[in-house]
Amino acid sequence: MIQRLCIIGTGLIGGSLARDLKRLGAVGEVVGSSRKVANLERALALGVIDDFDPDPAAAARKADMIVIAVPLGAIASVFERLCAGGGIDERAVITDVGSAKACVMEAAASTLSPDQSARFVPAHPIAGTEHSGVESSIEGLFERRRVILTPMERTSCEAQSRVRWMWERVGAEVIEMDLHRHDEVLALTSHLPHLLAYTLVDALGRHPDHAELFRYCAGGFYDFTRIASSDPQMWHDICLANKDAVVDALNLFRGDLDGLIDAVRQGRGETIRSVFARAKSIRDRHAESVSGQAPPSHPSQDASPSFEYASDRNAS
Ligand code: NAP
């Protein structure tokens with residue numbers, strides 16, 4: 001059981017985690033922290049947190065578990081404020097939920113003491129939606145989803161097992177991965193699809209006939225581009241935080257796209273058919289293994305859950 005949980009960044013992910021730990025009786029008290037008091041008051045009114053302090057160090061004081069759930073661009077400053085304000089209790093385990101891990105490790109390494117580093121367990125839940133903020137937080141978001149831990153050599157076994165326990169308690173399957181491998185894999189399975197969705201919608205939106213074009217966009221278009229409704233700032237941060245792997249993923253895709261352009265231009269029907277048939281078979285196989293695993297959507301927003309990074313089970 002967690003006695004006092006501090007969630008820095010009580011938005012979609014932090015709020016959903018807090019909701020489940022409270023619902024399951026796995027936590028005594030939840031203290032939230034973020035920049036805007038109005039957001040913290042909303043989280044309090046929704047019962048997601050029990051108390052708050054906009055100062056992360058003050059919120060984290062006496063917590064035995066500190067979860068940093070802010071956008072990647074804010075992680076370094078949160079670590080700095082936590083350390084400068086003496087917010088990390090000598091027994092506290094620290095973890096995060098960031099979508100890229102090398103940048104988080106760099107921020108942690110430059111601020112945490114060796115003792116604190118041993119209690120820091122980088123983590124990434126492979127679950128989310130295209131919505132943001134505590135109002136979009138939902139129960140059951142992590143059920144049957146994967147959470148990837150990317151521990152360092154110095155990360156203590158005890159800290160790892162406490163973070164593992166927390167995620168398993170909310171129904172997730174916890175796995176471990178090397179952090180660089182994590183960033184390469186997620187660039188392909190999550191970051192690339194988000195960039196493609198944003199780029200497609202933007203290209204059509206800037207077309208001279210965009211008003212007419214959007215009148216003829218049907219379900220397929222909106223299925224494909226749902227994730228382009230995700231928070232632009234969050235994806236800006238992810239894109240730059242995982243720059244090298246994202247560029248490699250875009251180049252890989254560009255190579256295949258160039259091949260398809262040539263095949264269409266030259267009327268090579270057999271090539272086109274075999275690409276499509278291969279893709280259908282791969283997608284059908286992987287999609288089947290995740291059907292029926294979707295967590296509940298937010299009642300007021302019909303937030304269909306994103307297989308954001310699609311677990312390797314979804315492999316999307
Ligand atoms: P979100 O709903 O926008 O929540 C972010 C929270 O962080 C808000 O409460 C925000 O509140 C707070 N915040 C922002 N800047 C801050 C700062 N400088 N100091 C303190 N608090 C700050 O975003 P989210 O979707 O939960 O994403 C949070 C993290 O989870 C990101 O690192 C993301 O990469 C990762 N993640 C997201 C998903 C997904 O699908 N959304 C999935 C897995 C992992 P204020 O505006 O009041 O500060």
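These figures come from a predicted structure and were not determined experimentally. Each ligand, and each atom within it, is numbered from 1 in the order the structure gives.
- Interface atoms of ligand 1 facing Asn39, defined by a heavy-atom separation under 4.0 Å, are 11 (O), 45 (P), 46 (O), 47 (O).
- Taking every non-hydrogen atom of Gly9 and a distance limit under 4.0 Å, the qualifying atoms of ligand 1 come out as 6 (C), 7 (O), 9 (O), 12 (C).
- Counting the atoms of ligand 1 from 1 in the order shown, those under 4.0 Å from a heavy atom of His124 are 43 (C), 44 (C).
- Note: Phe214 and Phe221 have perpendicular aromatic rings, judged against thresholds of 30 and 60 degrees for the angle between ring planes.
- Here the side chain of Arg164 pairs no donor or acceptor atom with the backbone of Ile175 at under 3.5 angstrom.
- For the residue pair Asn39 and Arg42, no side-chain donor N or O sits within less than 3.5 Å of a side-chain acceptor on the partner.
- Counting atoms of ligand 1 from 1 in the listed order, those under 4.0 Å from a heavy atom of Leu72 are 32 (O).
- Note: the hydrophobic cluster containing Val78 also contains Met105 (ILVMFWY, side chain heavy atoms under 4.5 Å, direct or indirect links).
- With ligand atoms numbered from 1 in the order given, ligand 1 contributes 29 (C), 30 (O), 35 (C), 36 (N), 44 (C) to contacts under 4.0 Å with heavy atoms of Val97.
- Each of the atoms 1 (P), 2 (O) of ligand 1 lies under 4.0 Å from some heavy atom of Gly133.
- Contact check for His124 versus Thr150: no side-chain heavy atoms found under the 4.5 Å cut-off.
- Judged by the shortest distance from any of its heavy atoms, Thr129 lies inside the 4.0 Å radius around the atoms of ligand 1.
- For Ser230, the closest heavy-atom approach to ligand 1 does not fall below 4.0 Å.
- One hydrophobic cluster, built from ILVMFWY side chains closer than 4.5 Å, holds both Val48 and Leu24.
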